[in-house]
Every structure is written in structure tokens, then in C-alpha cells.
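In what follows, a structure is listed as C-alpha cells, so that the remarks can point back to it.
Quick note: numbers below take in every heavy atom, side chains included, and nothing from hydrogens, waters or symmetry partners. Throughout, numbering of the chain's residues begins at 1 and tracks the sequence.
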Amino acid sequence: MSSYLPATTDSIAQALEAKDALESISILYRVIENPASSSEALRIKEQAISNLSDLLRKERKAEDLRGLLTQLRPFFSLIPKAKTAKIVRGIIDSVSKIPGTSDLQISLCKEMVEWTRIEKRTFLRQRVEARLAALLMENKEYPEALTLLTGLIKEVRRLDDKLLLVDIDLLESKLHFSLRNLPKAKAALTAARTAANAIYVPPAQQGTIDLQSGILHAEEKDYKTAYSYFFEAFEAFNALEDSRAVFSLKYMLLCKIMVSQADDVASIISSKAGLLYVGPEMDAMKAVADAHSKRSLKLFETALRDYKPQLEDDPIIHRHLSSLYDTLLEQNLCRLIEPYSRVEITYIAELIELGTNDVEKKLSQMILDKKFAGTLDQGAGCLIIFEDPKTDAIFPATLETISNIGKVVDSLYVRSAKIMA
């Protein structure tokens, strides 16, 4: 790069009027390199940093953004700590918007945590650590994320920073949920709600709390309560035009399907708010609702296959739909085998429109789970269903009589012992 440019509004205008992005980037770098430290020069350099990070993000130059953070460290000593925190978090946000940079983000956050420790910038360090924990969780590095969060929570509670505490408790709840530790996930969410009640919480954060509450209630099969939380989250995200609104709406539809109210799905999608999010996500849930209404496993499997990214790749949807599929399959199989005492497995497979191996595997599982009494004759390829054994009432009565006689004998023995004494 050539010599620096003066930190003035004319230099910023020159960067904006440049022929291409690379020339703009070059001009902004030269403005930032200017050693001037007057209040006006610092203000112009802050604007140049903001513009430069936006341009580097658009050009997908993640490594350059990382280099920019290192290059700006001397500049951070000239400006207030609050402005430093804003710039650092802004650049980290810019890197996060570039696809495929999760490892780079983790590395960058670790570098910044080390730097903030040396510079004793506690406020910034805590926020970067919270961001690092979220990134580690997304990367499925759960033990490291949990270790980091445990220490951070203790520190933030001592400082009583309620706003950051809400974020960290929410993050801890998501982390424990990912580890399938539901009691700890609920405890962390309760802590987040308690902290949130003491302060003003931005609508986006309140929506996140409601979304997590809905997820935890759905996990406990309390779909009616989960629906109300998802609805609150949807209203908050919809008002903010947040991309998470579509997920809240999708989970609302899931709750309707799980409580056998699949007919309501079409009316919710065609509502004024629902029409804003018409797309593959809504089409996927509509296909599942149709399959559930018709009790058709073939339509269910077709929906799972056609909308794999929307259904299979969403862990929350996938978990509940797997449970729903198993329930539907068991109900349909029980209905089909009910009239028979002996029936070919291939015939059942034809009726239910599934593979013979899949049906045989499910029937054996149902027999082991004692859903019905029977056995599989694999040589003949048949299912033999037994009559439900009727319990003879005489046996429990006999056992009760013997027990009572035993009590009488014990009582007589105690009395005779007293008399003999």
C-alpha cells in the first residue's frame, strides 16, 4: 500500500466513489493508517473501519477481517473502551456472515479473549467469551463450551450484569438441551427468565426465551403449552422481521400435528401472518399434516424424502416426527392384524405400502414391547397372533387368602408366646 491518506470526510467520499471494491478497500486502509489522533480524525477512522469491514464482508475476505482486528490494536488504545467493544463485536459479526468460517470465528474469538485478558478489558472479554461458547456449541464441541460457560456464569453473577446473564443462561439451556440433559436445561431457562424479569429485555431476546421455552415443553410432550410459547416467539420475530419467525411458525404447526389437529395447519398457513412465510418450510409441514390426516405412512415417507432439508435436517422437527411416524406405524399395523390369527407378512406390507423387511422389523419390536401377543414364523413368512390370555381370578384370591392365613398364624404365635412367658 502507498502512503496514508488524511482522515477526512473527503477521503471517505473518495472511497465511496471508487470504481471497484478493491480500490475502496485500499483507500480505507490508507485512511486507517493515518497516525492523526485528534477527535475528528478518530471519528473519521471509526467510520472508515465500519465501511471497510462491510466491504470485506461483501468480498468474503474473512482472513483480511481477522488481520484488520490485529492491525487495529494500537488504535483501540486511543478510543474509549465502549467504542472498542462495539468495533470488535462488529468485525466478529462481519466474519460470522461469511459462509464456512466457523473454525476461523472460533480461532478469532480465542485470540481476542487472550488480548482482552492482557489489556484487562473485562466487559469486552465476557461478551467475546459468550460468543465463543455459542460457536463451540454450534461446532458440537460441547465439553469445551460447557467448561467456558460454567466459569463465565459465576463471574457475571458476581458482577450482576443482568443483560449478559440472560444471554449466558439461555446459551447454557441450549447447551444442556443439546446434551439431552432436560432438568439442567429447564433450570438454566428459569434462571434466564428470573434475570429477564428484573430488567428491560429487547423483543428479540424475549422471543428467544419464548422459543427455547416452547422447545423444552414440546420435548416433555406438553404440546399445547409449547404452542403458546412458539406463538409468542413468532409474534416477536415477525414484528422485527427476524429470520427466526419462520422456525417459530414451523414449530407451531408441528404442535398442531402432534395433538392431532392437523386440519388447523392449512388455516394457519393461509392466515395473514402465515402468508408472509410461504415457501419450502411451510410446504413441508403441510405435506406432513396431509399425511397425518389421511393416516398414510406412504405420504409421510414421501414428505420426509421430498423435504429432507426442512424436516430431517432440523433436529427438533426430526425428533418429534420420528416419534409421530412410529406411533402412526404401530396404530396402522395393529388395525391391520386385528382380524387375523395368522397372516403373511408380505400381505401386511402390501396393505401398508412399506417394505417387507421394515414391517417384519417393526412387528418383532412391537411383540417385544408387548403391544400385542404373537410370534413371527420366519420360515413360513407369517405372523401368528395369540389370543390375549385371560387372567383367572382364582389365583389372586388364593394368594390373598394364604397371605391372610399367614398373618393369623403370626398373631396366634405372638399371643401364645406372651401366655407362656
| note | Residue pairs meeting ring-ring contact (aromatic ring centres under 6.0 Å, His included), one or both in residues 253-279, sequence neighbours left out, come to F234-Y277

| task | Could you note down all residue pairs passing salt bridge (charged side-chain N to carboxylate O under 4.0 Å, His left out) where residues 340-352 supplies at least one of them, sequence neighbours left out? | result | R342-D377

| task | Check whether any side-chain N or O of S322 sits under 3.5 Å from a backbone N or O of H318 as a donor-acceptor pair, and report yes or no. | result | yes

| task | Hey, could you give me each pair passing ring-ring contact (aromatic ring centres under 6.0 Å, His included) that has a residue in residues 117-170? Not counting sequence neighbours. | result | none

| T375 side chain vs I384 backbone, donor-acceptor pair below 3.5 Å | no

| task | Name all pairs fulfilling the salt bridge (charged side-chain N to carboxylate O under 4.0 Å, His left out) condition that reach into residues 191-217, sequence neighbours left out, sorted by first residue then second. | result | R193-D210

| said: Any donor-acceptor pair under 3.5 Å linking the side-chain atoms of Q206 with those of E232? | reply: no

| said: Could you check whether any side-chain heavy atom of I79 comes within less than 4.5 Å of a side-chain heavy atom of I87, counting everything from C-beta outward? | reply: yes

| task | With sequence neighbours excluded, give me every side-chain hydrogen bond (donor to acceptor under 3.5 Å, both in side chains) pair touching residues 63-75. | result | R66-S107, R66-E111

Enumerate donor-acceptor pairs with a distance under 3.5 Å from any side-chain N or O in residues 36-44 to protein atoms, sequence neighbours excluded.
{"unit_1": "S38", "atom_1": "OG", "unit_2": "A41", "atom_2": "N", "d": "3.2"}
{"unit_1": "E40", "atom_1": "OE1", "unit_2": "R43", "atom_2": "NE", "d": "3.4"}
{"unit_1": "E40", "atom_1": "OE2", "unit_2": "R43", "atom_2": "NH2", "d": "2.6"}

| said: Less than 4.5 Å apart, side chain to side chain, heavy atoms only: is that true for L189 and D169? | reply: no

| query | How would you list all residue pairs meeting salt bridge (charged side-chain N to carboxylate O under 4.0 Å, His left out) that involve residues 95-107, not counting sequence neighbours? | reply | none

| query | Which pairs with one or both residues in residues 58-88 pass ring-ring contact (aromatic ring centres under 6.0 Å, His included), sequence neighbours excluded? | reply | F76-W115

| What pairs of residues pass the ring-ring contact (aromatic ring centres under 6.0 Å, His included) test when at least one of them lies in residues 160-209, not counting sequence neighbours? | none

| query | Can you check salt bridge (Lys or Arg N to Asp or Glu O under 4.0 Å) on K174 and E138, steps first, answer last? | reply | CA-CA 10 Å; K174 290 176 185 175; E138 285 172 20; over 6 Å; no

| Would you call T8 and S11 a side-chain contact if the rule is heavy atoms closer than 4.5 Å? | yes

| said: Test: salt bridge (charged side-chain N to carboxylate O under 4.0 Å, His left out). Region: residues 277-294. Which pairs qualify, not counting sequence neighbours? | reply: K250-E281

Going by atom type alone, with no hydrogens or angles, which donor-acceptor pairs under 3.5 Å involve a side-chain atom of residues 46-62 and a protein atom two or more places apart or on another chain?
{"unit_1": "S53", "atom_1": "OG", "unit_2": "I49", "atom_2": "O", "d": "3.3"}
{"unit_1": "S53", "atom_1": "OG", "unit_2": "S50", "atom_2": "O", "d": "2.9"}

Table please: side-chain donor-acceptor pairs of residues 240-249 below 3.5 Å, with sequence neighbours left out.
{"unit_1": "D242", "atom_1": "OD1", "unit_2": "R244", "atom_2": "N", "d": "2.8"}
{"unit_1": "D242", "atom_1": "OD1", "unit_2": "R244", "atom_2": "NE", "d": "3.3"}
{"unit_1": "D242", "atom_1": "OD2", "unit_2": "R244", "atom_2": "NH2", "d": "3.1"}
{"unit_1": "R244", "atom_1": "NH1", "unit_2": "T208", "atom_2": "OG1", "d": "2.8"}
{"unit_1": "S248", "atom_1": "OG", "unit_2": "R244", "atom_2": "O", "d": "3.3"}

| request: Going by the ring-ring contact (aromatic ring centres under 6.0 Å, His included) test, name the single residue among Y251, Y325, Y223 that passes it with H320. | output: Y223

| N/O donor-acceptor pair under 3.5 Å between S323 side chain and R319 backbone | no

